[in-house]
Amino acid sequence: MTPPLLRSGGLLSRVRIALLLAGLTVPCMAMADGAQARETLQERLDFSEASLHWVDRIRDTFTPPQWLPEGERFVYGSRTEPLGETWVLVDAQRRTQQPLLDAESLRSQLTQVFGRPVPLPVAMRFTLTADAKAIVFAVQGRTFSLGLSDKRLVAFEPTHPSALSLVPGNILSPDGGAVAVQRDTGFAVVDAKGATRLERTGTEDAPWRLPEAAWSPQGRYVAVWHDDMRGMHRIPLVDYGSALEKVTWAPYSKVGTPLMRSELHFVTVEMGQVTPAPGDSTERYDWFAGWRPDGGEALVLQLSRDGKRLDLVAVEPATGKRRRVLREERKDTFVGALDFAAGGWAQQVKPLPDNQHFLWMSERDGWRHVYLYDYSGRLVRQVTRGAFPVHAVVGVSPKSDACFVLASAEPGAPYDRLVYRAAIPGGALKRLSPEPGMHRPVLSPSTRYFVDGHSTREQPRVWDVTSTEGRPSFRYAKADTSALAELHYTPPEGITVKAADGVTPLYGVLYKPWNFDAKKRYPVIDVIYAGPFTTMVPWGYVGSYESRIAHSLAQLGFIAMVLDGRGTPGRSKAFQDVNYGRVGQTEIPDHVTALKQAAASRPYMDLERVGIHGHSWGGYFALRGMLTAPEFFKAGYAGAPGALTEEAIINEPNMGLLSENPEGYAAGSNEALADKLQGALKLMHGTSDVNASLSTTMRMAQALVRANKHFDLLLMPGEGHSPEGRYCQDDVRRFFLRELGEPR
């Protein structure tokens, strides 16, 4: 069977099919006709590109559902049949769902407004009005409300608070009568009439920034950060678009250089007053974690520069007075690092409705668990316990007697994330998710029901309404994956191996070509993004971007592996601490060992032709593989590689400060190993990258030149960290086809 490529003229002609089959089984250089070979190669590249974007062919309900404050009802945006593209009201108790407007009527009304047919956005983002009697959404730059009962479509003025609230970065007040608006480097508070009640302007070096939970629960105060970047290091971004180069400078906190400083302020909306809440001068990272239910204090998380100390601070909005509620500290490892900064902080503290207590996440017993505290900082009790991690508290019952958590508590399924009920007075968890896999729950205000979007590696996502009290659940939507048949998509094969220590179980997947033949020998590519920051192995149907890259490369005639080695998050504290202070020293041995174990029972994996590919921190590890296992990896492509001396939040919490661990930083340096290179290496970097600075690739290139090691280099002028278009991905594909060859 031949993989079809979508072109304007439809499927490939019979002649093209014959060429494609030849190209998939015969090295392009062996073809007599050069033009024919180029055409066949292009078709293979096109199919790999289509395979990279296989997720785009899934029709699913991507917008998070929103529960109404009263009753057990919620609204979601449908993208699948039989309801089509419209918004739907679901009644959890009655187990019914009904479109607010049928898809045809919605399109008809919008066509009348615009004078032409308009497509609805894929995400179908919306909010509820303050009285919860209508939803608010935007189409083609215009904002509308749609009544839940009267089904009326009403256009809003651009200055209406509900219209402004749809703009990312703006936050609507609890009563819907005002909105805090982010304006470039400043902010404003705008009332229901569109009038500006208060405004502050900032500068590029000192901008104002609104946090997500800016409004106090009663709408009296707005929290806002005032950042100060004047002391930060700057990296140059050169515009080569004309003969007269232009240079701009981007603030960037490298290891050992000053961090951005942030000072919290509170706007008293009624008075139009701005009150600062100054802290000390200690370098740290700050996050606004929300409010106590009565609005009497705001909650702030402060992580020390080295990641070893995390403070919860309460601040009075009227005076700016601060007090420390509690401190979580580790002397020999870290409390928080990049995964904490990238979103984990939002799960750290959960105020209870009683206004007297809060839930706190900690790994103090070796696993991430929930602890109950009062606002004096007194530990009341540990709420959850066991040899498994709790990833998030997703809700608390109105009586504060139970919380609902997302955890990996099932034996033999360390990466499944299921919903459980935990009694706050203590006791065993009660499992609420009947099916395995990755679950994303959204609890109703009463916590009697939750919407549960879940999938496994083999099963596309389905949407259930699940009772927390034992009532029968029902399925209201499921993803439509019928369009994937054209790409012959098959979920990857799961593997379980031992780490390089010979003891620790590791999990990964293998991707195979669509026309896999077990009698052949396939070159192998390790698609890597190791380190202590995130996991990459897919446990849900869609998975990570790296897993999609692995799938697309496999369609060229490779076996591609994705692995989560020791040091990655999501399991025990000890599992992640394996590479603390020694990033770069444990990861490649785990990957090499895993490939050898997988190939031992899979003779179709040709370990004489192994490549390694990664981007960003994966680029660092692609280099690391080529330099620390040069006999094993024959070809490596490192895109926008990082380095241990780059961004502070990426490195210092996992390595310690440079002044305290110079040996660890030196051991993890790729430049120092340049003379070890044996195989084919290519580096790629965008010249306007502000995530992994171009200097990492320039220093690596300099070290390779000095070591007299030949390599390829692709610079992409004006591109950032993730170059747009497919030029870079095609370059990766061509590189591995050239260096590793075809199945034999």
Any salt bridge linking [X] with [Y]? Criterion: basic side-chain nitrogen under 4.0 Å from a carboxylate oxygen.
| X | Y | value |
| --- | --- | --- |
| Arg734 | Asp731 | no |
| Arg566 | Glu587 | no |
| Arg230 | Asp228 | yes |
| Asp205 | Arg234 | yes |
| Arg330 | Glu328 | yes |
| Arg521 | Asp606 | yes |
| Arg699 | Glu671 | yes |
| Glu49 | Arg44 | no |
| Lys254 | Glu652 | no |

Considering all heavy atoms, the nearest [X]-[Y] contact:
| X | Y | result |
| --- | --- | --- |
| Leu694 | Thr687 | CD2-CA, 4.1 Å |
| Leu487 | Trp54 | CD1-CB, 3.9 Å |
| Asn691 | Asp689 | N-OD1, 2.7 Å |
| Tyr415 | Ser408 | C-OG, 4.1 Å |
| Tyr507 | Leu563 | O-CD1, 3.4 Å |
| Lys676 | Leu627 | CB-O, 3.3 Å |

Answer yes or no: is there a donor N or O on one side and an acceptor on the other, between the side chain of [X] and the main chain of [Y], under 3.5 Å?
| X | Y | answer |
| --- | --- | --- |
| Thr185 | Pro207 | no |
| Arg457 | Pro538 | yes |
| Ser242 | Leu244 | yes |
| Asp577 | Tyr580 | no |
| Lys512 | Ile559 | no |
| Asp501 | Thr504 | yes |
| Asn661 | Met655 | yes |
| Tyr522 | Asp517 | yes |
| Arg305 | Ala648 | no |

Would you say Ser262 and Asp227 make side-chain contact, with heavy atoms under 4.5 Å?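 Ser262 vs Asp227: side chains touch.
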Quick one, Asn579 with Thr586, criterion side-chain hydrogen bond (donor to acceptor under 3.5 Å, both in side chains). Give me CA distance, side-chain angles, the key distance, then yes/no. CA-CA 6 Å; Asn579 58 6; Thr586 65; 4.5 Å; no
Please step through salt bridge (Lys or Arg N to Asp or Glu O under 4.0 Å) for the pair Asp286 and Arg284, ending with a clear verdict. CA-CA 7 Å; Asp286 297 90; Arg284 61 174 181 263; 2.9 Å; yes
Can you classify the ring geometry of Trp287 versus Phe340 as parallel (below 30°), tilted (30 to 60°) or perpendicular (above 60°)?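 Trp287 vs Phe340 ring planes: perpendicular.
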Between Trp225 and Phe288, what is the ring plane arrangement, given parallel below 30°, perpendicular above 60°, and tilted in between?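 Aromatic pair Trp225/Phe288 classed perpendicular.
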Quick one: side chains of residues 593-600, donor-acceptor pairs under 3.5 Å with protein atoms, not counting sequence neighbours, listed by atom name and distance.
| unit_1 | atom_1 | unit_2 | atom_2 | d |
| --- | --- | --- | --- | --- |
| Thr593 | OG1 | Pro589 | O | 2.8 |
| Gln597 | OE1 | Lys498 | N | 2.9 |
| Gln597 | NE2 | Lys498 | O | 2.7 |

So, using ring pair (Phe, Tyr, Trp, His ring centres under 6.0 Å) as the criterion, who are the partners of His613 when residues are at least two apart?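 Once residues adjacent in sequence are excluded, the partners of His613 under the ring pair (Phe, Tyr, Trp, His ring centres under 6.0 Å) criterion are Tyr637.
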Are the ring centres of Trp617 and Phe533 closer than 6.0 Å?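 Yes, the ring of Trp617 comes within the 6.0 Å limit of the ring of Phe533, centre to centre.
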Are Asp46 and Gln42 close enough, and set up right, to give a side-chain hydrogen bond (donor to acceptor under 3.5 Å, both in side chains), and what steps lead you there? CA-CA 6 Å; Asp46 289 345; Gln42 187 59 52; 3.0 Å; yes
Kindly indicate whether a cation-pi arrangement holds for [X] with [Y], taking the cut-offs as under 6.0 Å to the six-membered ring centre and within 45° of the axis.
| X | Y | answer |
| --- | --- | --- |
| Lys573 | Phe334 | yes |
| Arg417 | Trp539 | no |
| Arg571 | Phe575 | yes |

Has Gln678 got more than 12 heavy atoms of other residues, nucleotides or ligands less than 6.0 Å from its CD?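 Yes, because the 6.0 Å sphere around CD of Gln678 holds more than 12 heavy atoms from other groups.
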Atom CG of residue position Asp56 - does it have more than 12 heavy atoms of other residues, nucleotides or ligands inside 6.0 Å?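 Yes - once you tally the heavy atoms of other residues, nucleotides and ligands closer than 6.0 Å, there are more than 12.
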I would like to know whether His721 and Ser616 meet side-chain hydrogen bond (donor to acceptor under 3.5 Å, both in side chains); could you show each step before the answer? CA-CA 8 Å; His721 192 55; Ser616 189; 2.8 Å; yes
I'd like to know if the side chain of Gln555 pairs up with that of Ser51 as donor and acceptor (distance under 3.5 Å, no hydrogens or angles considered).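 Per modelled atom types, Gln555 and Ser51 side chains form no pair under 3.5 Å.
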Derivation and outcome, side chain to side chain contact (heavy atoms under 4.5 Å, CB included), residues Leu52 and His551: CA-CA 7 Å; Leu52 175 63; His551 169 68; over 6 Å; no
Partners of Thr696 by side chain to side chain donor-acceptor pair (under 3.5 Å), sequence neighbours excluded?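 Per chain and number, Thr696 pairs via side chain to side chain donor-acceptor pair (under 3.5 Å) with no residue.
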Could you go step by step and tell me if Thr697 and His685 meet the side-chain hydrogen bond (donor to acceptor under 3.5 Å, both in side chains) rule? CA-CA 7 Å; Thr697 289; His685 221 118; 2.6 Å; yes
